[in-house]
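A short worksheet on the structure shown next.
No hydrogens, no waters, no symmetry mates; every other heavy atom, side chains included, goes into these values. This one's a predicted model, so the numbers in the text were calculated from it and none came from an experiment.
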Amino acid sequence: MANNDIAKAESLLDEYCNYAKEDLDIYALETNLYICKGEYEKAYLCAIKGVKQKPLNGDMLYNAAYACELTNRYMEAYIYYYKARYIYEYNKREKQLVDELKESEERILEQYISCCDRETDMVKIKENKKIIDALVELSKVEFGLVDGNYRSYSQVIGNYIYENINKKRYAAIYKDQVMTYLDSVKGVISESYDLTHLKGELLEVKEGNCNEIDLDNNIEYLLPIASEKCNNVHKFESDEGKYSVLQFSEKHFNYYKIKGKTKVYSNNKAYYGNAIPLVYDSNKKKLVLSIFVDGLGTYNLKNEKLKEWMPNTYKFFEKGIVFNNAYNMAEWTYPSIANIMSGLDTIHHGLFHNALDGNMPEEVPVFAEYMKEQGYYTAMIGGNWRIIPPYGNARGIDRYIYQHQKAGFKVHEVICDTINHIEAFKDTNQYLWISIGDLHDIADGDDLPIDVQKAMEQNLREYEDKGITSAKQDYSEKKSEMFNLEARHIDRWLKVLYEYIEENFKDTEIVVSLFSDHGQGYFIKPGEHFLAPGRSNIAFMFRGEGCSNDGAEEIVSSVDYGCIMRKLCNIKERDDVKIDGVLPKTFGGCGRKFALTESIHPGDKYQAAIYTDDYVFYYINQGVIENDG
C-alpha cells in the first residue's frame with residue numbers, strides 16, 4: 001500500500017483470506033483497504049464487524065472510530081475513540097498514540113455538539129440533549145469497559161443508571177424504612193446512596209409532574225411511582241373517581257392500582273414507571289422461574305448425595321429432570337452467565353476479561369427478551385455483581401432488584417423478596433430470574449451462617465489460603481465439606497420457595513429451573529486438569545410439562561439452557577438468530593455429541609476440556625492469552 005497499489009493489495013488480501021479465513025485481523029486489513037479506495041461506508045460496515053468479533057482490541061476500535069468519522073457518525077466515532085484510547089492505556093501503549101487518540105476524541109465530541117447546536121427541529125434538539133447527557137454519564141464508566149455502579153460506593157440512588165446510549169433506569173431505594181432511618185442519622189444519608197449500603201429497585205420511567213395513561217377499562221394495573229422529594233401529593237383522576245395520595249418517602253417506588261384512562265398530577269417531580277396490567281393468558285405459563293445458584297458444582301452432589309445434602313431440591317426436581325452430565329462453557333461467573341443468557345459460546349459473546357467489562361451482542365436476544373416479547377412481566381432479583389445490566393443481562397427485564405451480595409443480600413432475603421414479587425404479580429404471566437450467591441462465601445473466606453458454623457467441627461475452621469482468586473483455588477477437603485453444609489443451608493431456604501410454588505400453582509402452570517455457572521477449584525485434586533469435572537460439572541435441573549428423568553445421563557452444555565427453557569415455555573426458536581446451544585434429545589432435539597468447557601483468561605494459558613459419553617479430552621495451549629482474547 002506504500003505505493004498505493006490497491007490492485008496488488010486486494011490480490012494479496014484475497015490470497016491471505018483463502019489461506020487464513022479465520023484470522024480476525026482480516027477485518028482490519030479490509031477496513032483499511034476500503035478506506036484507501038474511498039469506499040467509506042464499506043469500511044464502516046467492515047470495521048463494525050471487526051469490533052463485534054474483538055470488542056477489546058484497541059486497533060479494531062481505532063479503525064471503527066476512524067470509519068465512523070469518515071461517514072459523519074460523530075457520536076459513534078467519539079465512543080470508539082474513547083474506548084480505543086482506554087484500551088491502549090490499559091495495555092500501556094505509547095504515550096504519543098494515547099495522546100493522539102485523546103485529541104481525536106475531543107475533536108469529534110466538539111464536532112458532534114456543533115452539529116447538535118445547529119439543529120432547529122425541537123424534537124431532534126431534545127433527542128440530541130438526551131444523547132449528550134448519556135455520553136457524559138457513560139464516560140464515567142468508560143463506556144461500559146469498567147462499570148463500578150454495581151460494585152462500589154457510586155452515589156446512584158435517586159439518579160439514572162445508563163446501560164447504553166438509548167437505555168437508562170431510575171435507581172430507587174427498595175426499602176423505604178431504611179431511608180426513613182438514614183434521614184434521622186445526621187451525616188449518614190449523604191454517603192449512602194449506593195447499591196452496597198442500600199438495596200435498589202431499577203425501573204424505566206417517565207419523569208415530570210403529570211402522567212396521562214389511556215388504559216383498558218376492564219383490566220386493573222399497577223403503576224409504580226417514585227418521588228424526588230418526601231411528602232409528595234399525587235392526585236389521581238379517572239372514571240373511578242378523584243383521589244389525593246400522600247407519598248411520604250422519597251426515591252422509593254410505591255405501587256398504585258389504577259384502571260382505564262387515568263391522569264396523575266404530582267406536587268413535586270415524580271418518576272412514573274410503566275403501568276403493569278394484572279391479567280394473564282391461560283395459554284402461557286403463569287410462572288417461569290430461573291434459580292441461579294452461583295458455584296453449585298455437582299461433583300459432590302449427584303444422585304444420593306443430592307438427596308442427602310439438598311433433600312428439598314431433590315424432592316422438588318424429582319418431578320422434573322436433574323441432568324448429571326451438564327457442563328459449563330466457561331469456568332467462572334462472568335463469561336458463564338453470558339453463555340447461559342445468550343446461548344453463545346465465549347468467543348461469540350466476547351465477555352471473558354476479569355478487569356475489562358463488555359456487553360453481549362445485541363443482535364442475539366437473551367432469554368428474558370424472548371419472555372418479554374411473549375407478554376410476560378419480567379424481573380430479576382439478586383446481588384451478583386457479575387450479572388448486571390451493563391453486560392446485557394437485564395435486557396428484557398421490567399423490574400430489577402439489586403444490592404451487592406457481599407452487603408447482605410443472602411439467600412433468605414432473596415427468597416423473601418422472590419415470594420413477595422411472585423405474590424404481587426400472581427395475576428400476570430411472569431418470568432423471574434433470582435441469583436443466590438451464598439456458596440461463594442466459602443471460596444472468598446467469608447464468615448458462614450450460624451447454623452453452618454454450628455455444624456462445623458474445629459478442623460474445618462483451620463486457616464487455609466484462599467488463593468489468587470476464588471476461581472483458582474487449590475484442592476481442599478475442608479472446603480468441600482463446608483460446601484455441602486452451605487448447600488444444605490441454601491436448600492432449607494429454597495424449601496420455603498418450593499412449598500409456596502406447589503401451594504399456589506399447578507404443575508401445568510410452571511416452568512422452574514435451578515442451575516449453576518461453575519464448580520469449585522477446591523474440588524480439583526492434585527494432578528487433575530484445571531477443567532476436570534469438579535470445576536466443569538454443574539447443576540442443571542428443570543421442572544415443568546415435558547420433563548422426565550429418563551434423560552438424566554444425556555450430555556448437555558450451559559449454552560443449551562435457553563433452548564430447553566423455550567421448549568418448555570412453548571416458544572419457537574427464531575430462524576434469524578444463530579446460537580451455539582442445541583435442544584437435548586430428552587426434549588425432542590438433536591442433542592450434542594460432546595460438551596466443551598473453556599478457560600479464556602488473559603495472562604493465562606488457554607485450556608479446554610471436551611466431555612463425551614465415553615471419553616474426556618483435555619487441552620492446554622502453550623501461549624498466553626492476550627487482553628483482547
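- The aromatic ring centres of Tyr431 and Tyr376 sit 6.0 Å or more apart.
- Remark: side-chain polar atoms of Glu369 are paired, donor with acceptor, to backbone N or O of Val366 under 3.5 angstrom.
- From Lys54, atom NZ reaches atom CD1 of Ile87 across 12.5 Å, with rounding to the nearest 0.5 Å.
- The side-chain heavy atoms of Asn149 and Leu195, taken from C-beta on, include no pair separated by under 4.5 Å.
- With ring centers used as reference points, Phe236 lies under 6.0 Å from Tyr256.
- Taking the ring axis of Tyr221 as reference, the NZ or CZ atom of Lys257 does not stay both within 45° of it and closer than 6.0 Å to the ring centre.
- Remark: Lys175 engages Glu413 in a salt bridge, criterion side-chain N to carboxylate O under 4.0 Å.
- Residues His518 and Trp332 place their aromatic rings such that the two centres sit no closer than 6.0 Å.
- Within the model, atoms CE of Met565 and NZ of Lys285 stand 11.0 Å from one another, a figure rounded to the nearest 0.5 Å.
- Within the 4.5 Å cutoff, side-chain heavy atoms of Gln430 are placed close to those of His421.
- A donor-acceptor contact shorter than 3.5 Å is absent between the side chain of Asp444 and the backbone of Asp446.
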Apply side-chain hydrogen bond (donor to acceptor under 3.5 Å, both in side chains) to the pair Tyr391 and Asp357, showing each step before the final yes or no. CA-CA 7 Å; Tyr391 306 157; Asp357 297 336; 3.2 Å; yes

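- Taking all atoms of both residues into account, the shortest heavy-atom contact from Pro335 to Phe352 is CB-CA, 4.4 Å.
- Around OH of Tyr280, the count of heavy atoms belonging to other residues, nucleotides or ligands within 6.0 Å does not exceed 12.
- A 6.0 Å sphere centred on OH of Tyr255 holds more than 12 heavy atoms belonging to other residues, nucleotides or ligands.
- A pairwise comparison of heavy atoms in Ile173 and Glu250 identifies CG2-O, 4.2 Å as the closest pair.
- Looking at every heavy atom in both residues, Gly437 comes nearest to Asp294 through CA-CB, 4.1 Å.
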As a quick check of understanding, evaluate side-chain hydrogen bond (donor to acceptor under 3.5 Å, both in side chains) for Lys426 and Asn504, giving each step before the final call. CA-CA 9 Å; Lys426 195 190 290 185; Asn504 288 274; 2.9 Å; yes

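- Side-chain contact check for Asp491 and Thr313: at least one donor-acceptor pair (N or O, by modelled atom type) lies under 3.5 Å.
- Geometric assessment of Arg386 against the ring of Tyr334 yields a positive cation-pi assignment under the 6.0 Å and 45° thresholds.
- For Arg543 and Glu502, the salt-bridge test passes: some basic side-chain N is under 4.0 Å from an acidic carboxylate O.
- Rounding to the nearest 0.5 Å gives a distance of 11.0 Å between CG of Asp147 and CH2 of Trp385.
- Close placement of the Tyr561 and Phe515 rings is indicated, their centers lying within 6.0 Å of each other.
- For the pair Lys168 and Tyr160, the distance from NZ or CZ to the six-membered ring centre is under 6.0 Å and the angle to the ring normal is within 45 degrees.
- In this structure, CD1 in Ile258 is found 7.5 Å from CD1 in Ile225, a value given to the nearest 0.5 Å.
- Lys410 places a side-chain heavy atom less than 4.5 Å from the side chain of Asp441.
- The cationic atom of Arg566 (NZ for Lys, CZ for Arg) does not lie both less than 6.0 Å from the six-membered ring centre of Phe367 and within 45° of the ring axis.
- In this structure, Ile397 and Arg169 have side chains that are in contact, with non-hydrogen atoms separated by less than 4.5 Å.
- Annotation: Lys52, atom NZ; neighbour count of heavy atoms from other residues, nucleotides and ligands within 6.0 Å does not exceed 12.
- Donor-acceptor pairing under 3.5 Å is recorded for the side chains of Glu423 and Tyr500.
- In this structure the side chain of Phe253 reaches within 4.5 angstrom of the side chain of Tyr170, judged on heavy atoms.
- A cation-pi arrangement is absent between Lys206 and Tyr271 under the rule of less than 6.0 angstrom and at most 45 degrees off the ring axis.
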Go through it in stages, so that I can follow the logic: the residues are Glu137 and Lys140, the test is salt bridge (charged side-chain N to carboxylate O under 4.0 Å, His left out), and I'd like the CA-CA distance, side-chain angles, deciding distance and then a yes or no. CA-CA 5 Å; Glu137 291 302 315; Lys140 295 176 183 177; 3.1 Å; yes

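- For Lys259, the NZ atom is densely surrounded, since the number of other residues' heavy atoms within 6.0 Å is greater than 12.
- For the residue pair Ser342 / His349, no side-chain donor-acceptor distance below 3.5 Å is found, with atom types taken as modelled.
- Ser558 places no side-chain N or O within donor-acceptor distance of the main-chain N or O of Asn328, the cut-off being under 3.5 Å.
- In this structure, Asp281 pairs ionically with Lys284, as a charged nitrogen and a carboxylate oxygen lie closer than 4.0 Å.
- Of all heavy-atom pairs between Ser152 and Thr196, the closest is O-OG1, 3.2 Å.
- Here the side chains of Pro389 and Tyr150 are in contact, with some heavy-atom distance below 4.5 Å.
- Within a 6.0 Å sphere centred on NZ of Lys199, other residues, nucleotides and ligands contribute more than 12 heavy atoms.
- Counting all heavy atoms, side chain and backbone alike, Glu373 lies closest to Arg574 at OE2-NH1, 3.6 Å.
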Run the ring pair (Phe, Tyr, Trp, His ring centres under 6.0 Å) check on His197 and Tyr153 step by step: do they pass? CA-CA 8 Å; His197 285 94; Tyr153 297 127; 5.4 Å; yes

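- Side-chain atoms of Asn339 and Asp345 form no donor-acceptor pair, as typed in the model, at a separation below 3.5 Å.
- For the residue pair Tyr272/Ser266, the side-chain donor-acceptor check at 3.5 Å is satisfied.
- Between the Ser516 side chain and the Val293 main chain, a donor and an acceptor come within less than 3.5 Å of each other.
- For His353 and Tyr90, the ring centers sit closer than 6.0 Å to each other.
- Side chain of Thr378 to backbone of Gly396: a donor-acceptor contact under 3.5 angstrom is found.
- Taken from CZ in Arg492 to NE2 in His412, the straight-line distance is 13.5 Å, to the nearest 0.5 Å.
- The minimum heavy-atom distance linking Ser154 with Gly148 is given by the pair OG-O, 3.8 Å.
- Tyr82 and Glu142 share a donor-acceptor pair across their side chains, judged by distance under 3.5 Å alone.
- A donor-acceptor contact closer than 3.5 angstrom links the side chains of Ser227 and Asn232.
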Test Tyr400 against Leu203 for side-chain contact (heavy atoms from CB on, under 4.5 Å), laying out the working first. CA-CA 7 Å; Tyr400 185 82; Leu203 304 180; over 6 Å; no

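- Side chain of Asn393 to backbone of Met341: no donor-acceptor contact under 3.5 angstrom is found.
- Ionic pairing of Lys167 and Glu204 is present here: one or more N-O contacts between side-chain nitrogen and carboxylate oxygen are shorter than 4.0 angstrom.
- For the 3.5 Å distance criterion, the side chains of His440 and Asp438 fail to qualify, holding no donor opposite an acceptor.
- The CG atom of Leu497 sits 4.5 Å away from atom CD1 of Ile415, with the distance rounded to the nearest 0.5 Å.
- Residue Lys124 places its NZ atom among 12 or fewer non-hydrogen atoms of other residues, nucleotides or ligands, all under 6.0 Å distant.
- Counting only heavy atoms from C-beta outward, the side chains of Ile490 and Leu494 approach each other to under 4.5 Å.
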